[in-house]
Amino acid sequence: MFSVEECERHEWLLPFRTGGYASSTICGINSRTYHGYLVVPLNQPYKRYLILSKFEDFLVKDIGEFPLSTNHYDWNVYYPEGYKYIKEFKWGKNYVKWVYEIEGDIVEKEIIAHELENAITVRYKSSNGKIKVCPLITYRSHHLTTTTKYFFDFQQMGSRIKIFKEGVPILNFLIEGDYELEHTGYWYYNFFYLLDYERGNNHREDLYNPFCIMSNKNELSIDIFYDKESMAKPVEAPSDILRLLANASLSFIVKGKNGWSIIAGYHWFSEWGRDTFISMEGLMLLNGLYKQAEEIILRYLQYSEKGMLPNHITPEGEPIYIGVDVSLWAINSIYKLYLYSGDVEFIRKIYSSLQDIIDWYYKGNGIVYTRDFLLFHKGAPRTWMDASYDGRVVTPREGAAVEVNALWYNALMIMDQFSKIVGDNNTFYSELAKRVKGAFNEKFVTSWGLYDYLDTYLIPDTSIRPNQIFAFSLPFSVIDKDVGTVMLTTIENELLRPFGLSTLSRRDPKYKPLYRGDRASRDEAYHNGPIWPWLIGAYIDAKLKVENDIIKAKMLLDVIKPLLEYAKRNNGFIPELFEDLPPYLPGGCIAQAWSVAEVYRSVNLITSI
């Protein structure tokens, strides 16, 4: 059914909504360090560790053993060749399923993810023959590979098996039905992870097999879990695109020890403040999760440091302050939450915290400062275009960034609204916003749209980038309709692509359309050409502000159609980015929160017209 080359690049993902997940490829070859049957957060939802990599599994008949699995080993060796027997692959809401045809016999294999538990159930059923399963285990960060020879041991107690790493329990098996256990204790050497090799990352690994399980019948069911488990049944993925995107959106909302969080992307991203607030409407508000959204907002506000909210939460749960736009995106999300929920009491509760953010930004906190009413920042990278490697910042944008100032104006206008809601009736925000708008239009507006940023000497950067879209797309536009129309024409001519907006005009000498190779190569391209799907949301918002024809407005679905078709093929998930040359290969995380959120939000917006 599949070529081995196709298989290694066609991935599936089953999030547990704990931060953990199961993931691999359609024929079972692990092609990333992130692939595995059980990746679990040790400090939920942070510090994710791979514990169970995969199963070496076989159909056992009188005439011999037939493999179901396939591995890519060093020196370009593929063994065994179970992929040749695959007849069908299916990806449901919470499960993946293979159907094998071997010498006229049918074998079904199913992996079911447990929601809000670090657990999976693996089920087999054959028309003839028994099933043999040999787990391959490790204990490492999902970012890394290891050849460390840990001492693993196990303890069998009837239908339960507990695995220990150097005396500490790490993994549990619960086996349904009669079985026989074979003690093995084998190390498998030189697994080769192709996709990480291409990215210049860790790509070789050794894995340990403690035992093999042999069914006494033609069926076998195994629950594998880190800490706890309950019953799980397979659920079909919906065929309707809105429901499919809704299901996918929930995968990024995870339950941790300190409450709810939003994971920025699978496999490798953890909790990021900017991504959290940009994604919040599409992930949470459209799904009616207002209280969970309030919980996340309150937790971030508790981290406020001189008006700045954390850009990142480390695996240890520590806040890192980098992005100058995070607090402003938070205010925008809070405004959206109010529009959905109408919860005045929540606004009253956090109003002073929001005032504190504005006060620090206005008077300056050592990183952000105002100059002629515009918001500047020191240091780089501090915007969403944050690629850096080996001390080199690829897109520094130090000074007054166009989207940061659009967000600054938007936040002031929101605070003016909130001041009236809570009875403060403070005119400070509206008066300051008026001055910001005047300064913005004086300094940023050009004949073709908006400059990308002003440096500390007020010299404008003329790169044509998508950041200018936010000046018109946000709830409170800092530019008027005539300027917005000109800007949209430039964006459509220079940046609009089938899968979103490109990050740089093709006419720019810095333009790099391909996102591949080692980290330096990828980071040089990251925001200098590749297409980012999440930007389509701002484009749709802006277009709807100038499009008065309802039919033409609804036809904006055609702009999103390639993204919707991609989502249908991938269980609702949309990647971090796409390369900017046909065939527009996906890159980065295979499932990105703000990509799914903004596409889901855009479709809802257009269909509600």
Side-chain angles (χ1 to χ4, degrees), residues 273-282 284-286 290 293-294 296-298 300-301 304 307-309 323-363 365 368 370 373-375 383-384 400-441 467 469-480 484 537-538 541-542 544-545 597-598 601 605:
R274 178 185 296 114
D275 301 58
T276 290
F277 294 115
I278 290 173
S279 303
M280 186 169 282
E281 182 178 3
M284 306 191 81
L285 305 187
L286 282 175
Y290 307 149
E294 288 179 1
I296 291 174
I297 290 165
L298 288 172
Y300 268 88
L301 290 177
S304 183
M308 291 183 67
L309 301 185
V324 296
D325 56 339
V326 179
S327 299
L328 304 178
W329 278 117
I331 292 174
N332 187 66
S333 291
I334 292 164
Y335 179 66
K336 293 290 187 73
L337 172 61
Y338 170 73
L339 294 181
Y340 276 82
S341 71
D343 190 344
V344 174
E345 289 309 309
F346 183 69
I347 302 303
R348 292 186 193 280
K349 182 176 181 178
I350 64 172
Y351 182 65
S352 62
S353 297
L354 303 185
Q355 285 182 303
D356 188 62
I357 290 172
I358 298 298
D359 288 348
W360 275 110
Y361 270 54
Y362 181 58
K363 69 185 180 184
N365 63 10
V368 295
T370 54
F373 305 108
L374 295 177
L375 192 64
T383 71
W384 83 275
V402 64
E403 80 280 10
V404 173
N405 278 274
L407 285 161
W408 173 230
Y409 174 79
N410 184 65
L412 290 170
M413 292 299 291
I414 289 170
M415 287 300 293
D416 180 59
Q417 295 287 311
F418 285 168
S419 73
K420 295 171 183 174
I421 289 169
V422 303
D424 184 24
N425 296 315
N426 191 337
T427 61
F428 168 78
Y429 301 113
S430 61
E431 291 170 357
L432 179 56
K434 184 177 180 180
R435 290 177 171 83
V436 170
K437 185 172 183 176
F440 185 96
N441 282 269
N467 302 309
I469 194 76
F470 296 104
F472 196 47
S473 68
L474 288 166
F476 297 94
S477 304
V478 70
I479 56 175
D480 295 328
D541 288 334
L544 290 176
K545 288 188 176 183
E598 285 296 272
R601 186 180 67 81
L605 191 60

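Ion pair Glu431/Lys434 not flagged as a salt bridge, since none of the NZ, NE, NH1 or NH2 atoms sits closer than 4.0 Å to an Asp/Glu carboxylate oxygen. With respect to the salt-bridge test (charged N to carboxylate O, under 4.0 angstrom), the residues Lys545 and Asp541 do not qualify.
In this structure the side chain of Leu337 reaches within 4.5 angstrom of the side chain of Phe346, judged on heavy atoms. In this structure, the side chains of Leu374 and Phe440 come closer than 4.5 Å at one or more pairs of heavy atoms. Side-chain contact between Leu412 and Val436 is present, with heavy atoms from C-beta onward closer than 4.5 Å. Between Tyr290 and Leu285 the shortest side-chain heavy-atom distance falls below 4.5 Å. By the 4.5 Å heavy-atom criterion applied to side chains, Leu375 and Leu328 are counted as neighbours. Inter-residue side-chain proximity for Asn405 and Phe470 is flagged as unmet; no heavy-atom pair is nearer than 4.5 Å. Side-chain contact between Pro475 and Lys336 is present, with at least one heavy-atom pair separated by less than 4.5 Å.
To the nearest 0.5 angstrom, Ile331 atom CD1 is 4.5 Å from Ile357 atom CD1. Asn441 contributes atom CG, which lies 6.5 Å from atom CG of Asp480 (distance to the nearest 0.5 angstrom). Taking CD1 from Ile334 and CD from Glu294, the interatomic distance works out to 10.0 Å, rounded to the nearest 0.5 Å. Atom CD1 of Ile414 sits about 9.0 Å away from atom OG of Ser333, to the nearest 0.5 Å. The CG atom of Asp325 sits 10.5 Å away from atom CG of Leu309, with the distance rounded to the nearest 0.5 Å. In this structure, CG in Leu432 is found 11.5 Å from CE in Met415, a value given to the nearest 0.5 Å.
Between Tyr300 and Phe277, a ring centre-to-centre spacing shorter than 6.0 Å is recorded. Between Phe476 and Tyr335, the gap from one ring centroid to the other is short of 6.0 Å.
Minimum interatomic distance between Ala401 and Thr383 (heavy atoms only, all atoms of both residues): CB-CG2, 4.0 Å. When all heavy atoms of Ala597 and Ser279 are compared, the closest pair comes out as CB-O, 3.5 Å. Closest non-hydrogen pair, Ser473 versus Ala538, comes out as CB-O, 3.2 Å. When every heavy atom of Met284 is checked against every heavy atom of Ala293, the shortest pair comes out as CE-N, 3.5 Å. Nearest heavy-atom pair, Gly323 versus Arg274, reported as atom, atom and distance to 0.1 Å: CA-NH2, 3.6 Å. When all heavy atoms are compared, the tightest approach of Asn425 to Lys420 is OD1-CA, 3.7 Å.
Ser430 places no side-chain N or O within donor-acceptor distance of the main-chain N or O of Asp416, the cut-off being under 3.5 Å. Side chain of Tyr429 to main chain of Ala411: no donor-acceptor pair is present (N/O by atom type, distance under 3.5 Å, no hydrogens or angles). Judged purely by atom type and a 3.5 angstrom limit, Asp356 has no side-chain atom pairing as donor or acceptor with the backbone of Ser352. A donor-acceptor contact shorter than 3.5 Å is absent between the side chain of Ser419 and the backbone of Asp424. Between the side chain of Asn410 and the main chain of Trp329, no donor-acceptor pair closer than 3.5 Å is present. Side-chain atoms of Ser477 come within 3.5 Å of backbone N or O of Phe472 as a donor-acceptor pair. Between the side chain of Ser304 and the backbone N or O of Leu301 there is no donor-acceptor pair closer than 3.5 Å.
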Hey, mind stepping through Ile421 and Tyr351 against side-chain contact (heavy atoms from CB on, under 4.5 Å) and telling me if it holds? CA-CA 10 Å; Ile421 289 169; Tyr351 182 65; over 6 Å; no
When you look at Ser327 and Tyr361, which way does the side-chain contact (heavy atoms from CB on, under 4.5 Å) test go after all the steps? CA-CA 10 Å; Ser327 299; Tyr361 270 54; 3.7 Å; yes
With side-chain contact (heavy atoms from CB on, under 4.5 Å) as the test, would you mind laying out the steps for Trp384 and Val404 before giving the verdict? CA-CA 10 Å; Trp384 83 275; Val404 173; over 6 Å; no
Show your working on side-chain contact (heavy atoms from CB on, under 4.5 Å) between Tyr340 and Glu281 and close with a plain yes or no. CA-CA 9 Å; Tyr340 276 82; Glu281 182 178 3; 2.7 Å; yes
